[in-house]
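In what follows, a single structure is set out as structure tokens and then discussed.
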Amino acid sequence: MKQVAVQTLIPTENPNLQFQIMSSGCSQLQIMSSCRSIPTEDRISDLPESILCHILSFLQTKAAATTMILSKRWKPVWLSVLILNFDDKEFNDFETFHKFVYSTMFSLRDKKTSIQSFTLKLCFYSRFKPRELNRIFKFVVQRGVKNLNFDLSGKPRCIKLPPCILSCKTLQVLRLENVKLWDFDQVNFPCLKTLHLNNVDLTSPKYFAKFLYGCPILEDLNAKSRTFQKSIDPMENLNALPNLVKVKICYNTDIPMSLVCKTRILHIEQIWGMTWKPLPMFHNLTHMELTFLISLLKRECRSLIEILPHFPNLQHFNIKLNFMNIRGATYICSECSKVVPPNPTVAPECLSSQLKTLSIKCSTDTKNINNCEFQFVKYIMQHSKVLETVRVKSTRLKTNQMFMKLSSCTRRSPTCKLLFG
């Protein structure tokens with residue numbers, strides 16, 4: 001028997017590529033003559049520093065810092081990582097977290113080292129002062145940050161966004177959560193392509209438009225925000241952002257639709273029904289998804305058909321109905337069985353030559369039946385010339401039985417397949 005001391009760097013099962021040191025005396029390891037010998041050298045530490053930095057970039061900055069104890073080779077590596085990710089939930093108290101952030105950024109790292117990506121997540125006990133946050137983000141902006149994530153989802157109240165962020169000319173991706181964007185003068189994001197706003201407060205739709213106009217090449221917009229004042233000036237004749245590919249608007253986001261009418265993919269989540277009027281023409285739109293937190297009513301059913309002419313090139317249409325069972329509120333149309341959607345003489349252009357798939361999903365356990373969904377699907381099937389697939393999915397047994405009647409309905413498209421579940 002031969003004793004072999006093994007010291008190596010072994011990846012754990014953590015998907016973030018965390019590493020741990022496994023050091024043990026292998027006195028019970030039997031090396032048979034027919035077996036291959038186990039290498040004892042530390043091959044990972046011999047990798048180029050650029051690769052080691054790439055590996056550490058998948059970790060929280062706190063975890064990356066712990067690798068300095070591995071050896072002298074590893075001690076300076078974490079300070080050269082171009083991605084900084086600070087999350088105060090990784091620390092026992094704010095004082096320790098505050099000291100770690102400040103020492104990492106202003107003392108330990110080389111001032112000339114660039115920062116490609118920066119994340120700062122704060123929960124309810126974080127007590128950064130506005131001037132401290134502004135100093136941190138000013139430092140990051142000056143080092144050419146491209147990806148910025150400022151997440152205050154753990155804070156009970158919104159915090160005003162540090163103004164220096166609004167003039168970061170190198171940003172390509174910006175994610176903001178639980179912040180206030182109030183009364184800013186100018187936004188200058190000439191390279192920004194992805195913008196995600198979650199629980200972001202704006203003064204009015206006018207400021208929302210002003211913010212988006214500072215992103216001239218924006219491609220991906222995900223907005224769940226609130227505006228506290230209605231716009232007095234007309235907002236429907238604004239110039240659309242020309243490069244938009246994907247737009248997701250959630251809940252009570254009061255965004256001028258004319259700003260996003262050149263997008264190719266549109267996802268809108270509504271609570272109380274369709275309120276986004278006036279509606280411009282969406283000539284580039286091919287994919288649309290509407291999510292309602294109520295079941296379809298007579299007015300929604302009619303509105304869906306009325307807006308179809310605004311999407312002449314729509315090919316894929318998804319509708320999700322997530323029923324909200326609020327005590328004392330009734331959303332089911334009592335006379336829906338008598339409701340017949342409008343039947344125009346000329347079908348919308350998208351139904352005549354474009355629409356290929358329709359999907360409607362009802363997620364609710366209620367025993368009530370809303371015939372409006374049935375009437376809408378029936379209308380689409382009767383008027384769509386190139387429709388390929390209609391998929392209906394519901395957790396409501398009676399509704400499924402109702403939708404089975406669709407099998408006997410007239411289908412304008414000879415290739416249309418009707419799928420359930």
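Basis for what follows: all heavy atoms, side chains included, without hydrogens, waters or symmetry-related copies. Just so you know, these numbers come straight off a predicted model, no measurement behind them.
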Derivation and outcome, ring-ring contact (aromatic ring centres under 6.0 Å, His included), residues F150 and F118: CA-CA 8 Å; F150 189 26; F118 182 78; 8.7 Å; no
Step-by-step side chain to side chain contact (heavy atoms under 4.5 Å, CB included) determination, F317 to L290: CA-CA 8 Å; F317 192 10; L290 301 180; 3.9 Å; yes
Full working for salt bridge (Lys or Arg N to Asp or Glu O under 4.0 Å) between K320 and E289: CA-CA 8 Å; K320 294 182 179 180; E289 180 173 313; 3.5 Å; yes
Residue pair L197, V179: steps toward the side chain to side chain contact (heavy atoms under 4.5 Å, CB included) verdict: CA-CA 9 Å; L197 305 176; V179 301; over 6 Å; no
Criterion side chain to side chain contact (heavy atoms under 4.5 Å, CB included) on Y207 and V187, from CA distance to verdict: CA-CA 10 Å; Y207 274 92; V187 176; over 6 Å; no
Test log, rule side chain to side chain contact (heavy atoms under 4.5 Å, CB included), inputs L82 and S117: CA-CA 7 Å; L82 303 181; S117 179; over 6 Å; no
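Closest of all the heavy-atom pairs between A209 and L238 is CB-CD1, 3.9 Å. Nearest heavy atoms, L174 versus F211: CD2-CZ, 4.4 Å. When all heavy atoms are compared, the tightest approach of S57 to I83 is CB-CD1, 3.7 Å. In terms of heavy-atom proximity, V81 sits nearest to C53 at CG2-O, 3.9 Å. The nearest pair of heavy atoms linking A240 to K262 is CB-CG, 3.8 Å. Residues T415 and L387 approach most closely at OG1-O, 3.6 Å, considering heavy atoms.
M105 contributes atom CE, which lies 8.5 Å from atom CG of L120 (distance to the nearest 0.5 angstrom). Here NZ of K385 is found 10.5 Å from NE2 of H383. Values are rounded to the nearest 0.5 Å. To the nearest 0.5 Å, atoms CG (N222) and SG (C250) are separated by 5.5 Å. Between the CD atom of Q60 and the NZ atom of K89 there is a distance of 11.0 Å, given to the nearest 0.5 Å. Annotation: the span from I165 atom CD1 to L171 atom CG amounts to 8.0 Å, rounded to 0.5 Å. If you take CG on N199 and OG on S153, they are separated by 9.0 Å, rounding to the nearest 0.5 Å.
Contact of the L84 side chain with the R109 side chain is registered, since non-hydrogen atoms from C-beta on lie closer than 4.5 Å. Considering only heavy atoms from C-beta on, F97 comes within 4.5 Å of L122 through its side chain. Between I51 and I55 the shortest side-chain heavy-atom distance falls below 4.5 Å. Counting heavy atoms from C-beta outward, L355 and E388 have side chains that stay 4.5 Å or more apart. Residues E95 and K99 fail the side-chain proximity criterion, which asks for heavy atoms closer than 4.5 Å. Using a 4.5 Å cut-off on side-chain heavy atoms (C-beta onward), L161 and F184 make no contact. The closest side-chain heavy-atom distance from K169 to F189 is not below 4.5 Å. The shortest distance between side-chain heavy atoms of L419 and V390 does not fall below 4.5 Å.
With hydrogens and angles disregarded, a donor-acceptor distance shorter than 3.5 Å links the side chain of N178 to the backbone of K155. Not a single donor-acceptor pair under 3.5 Å links the side chain of N243 to the backbone N or O of L218. Between the side chain of E132 and the backbone N or O of K129 there is at least one donor-acceptor pair closer than 3.5 Å. Judged by distance alone, with hydrogens and angles left aside, the side-chain atoms of T170 form a donor-acceptor pair with the main-chain N or O of V145 at under 3.5 Å. Proximity of a side-chain donor or acceptor of T263 to a complementary backbone N or O of V260 within less than 3.5 Å is not detected. In this structure, the side chain of Y102 does not engage the main chain of S107 through any donor-acceptor pair within 3.5 Å. Checking side-chain atoms of T104 against main-chain N and O of F100 turns up a donor-acceptor pair under 3.5 Å. Remark: side-chain polar atoms of S167 are not paired, donor with acceptor, to backbone N or O of P163 under 3.5 angstrom. Between the side chain of T194 and the backbone N or O of V173, no donor-acceptor pair lies under 3.5 Å. Side chain of D88 to backbone of C123: a donor-acceptor contact under 3.5 angstrom is found.
A donor and an acceptor atom, one from each side chain of T113 and D110, are nowhere located under 3.5 Å apart. A donor atom on one side chain and an acceptor atom on the other are found under 3.5 Å apart for H267 and T291.
Taking the ring axis of F106 as reference, the NZ or CZ atom of R135 stays within 45° of it and closer than 6.0 Å to the ring centre. Remark: K62 is positioned above the aromatic ring of F91, its terminal NZ or CZ atom under 6.0 angstrom from the ring centre and at most 45 degrees off the axis.
Counting non-hydrogen atoms of other residues, nucleotides and ligands closer than 6.0 Å to CG of D93 gives a total above 12. For NZ of K210, the number of neighbouring non-hydrogen atoms (other residues, nucleotides, ligands) closer than 6.0 Å is greater than 12. Within 6.0 Å of NZ in K111 there are more than 12 heavy atoms belonging to other residues, nucleotides or ligands.
Between H54 and F58, the two ring planes are perpendicular [angle over 60°; tilted spans 30° to 60°]. Ring-plane geometry between F282 and F311 is classed as tilted, the angle between the planes lying from 30 to 60 degrees on a 0 to 90 degree scale.
Salt bridge annotation for K248-E269: present, with a cationic side-chain nitrogen under 4.0 angstrom from a carboxylate oxygen. Under 4.0 Å is where a charged nitrogen must lie from a carboxylate oxygen, and between E219 and K246 no such pair does. A salt bridge is absent between E177 and K224; no separation between the charged side-chain nitrogens and carboxylate oxygens falls under 4.0 Å.
Each of N188, L181, D185 was compared with L166 under the side-chain contact (heavy atoms from CB on, under 4.5 Å) criterion, and only L181 meets it. Screening L244, N284, L314, V247 for a side-chain contact (heavy atoms from CB on, under 4.5 Å) with L266, the sole residue that qualifies is V247.
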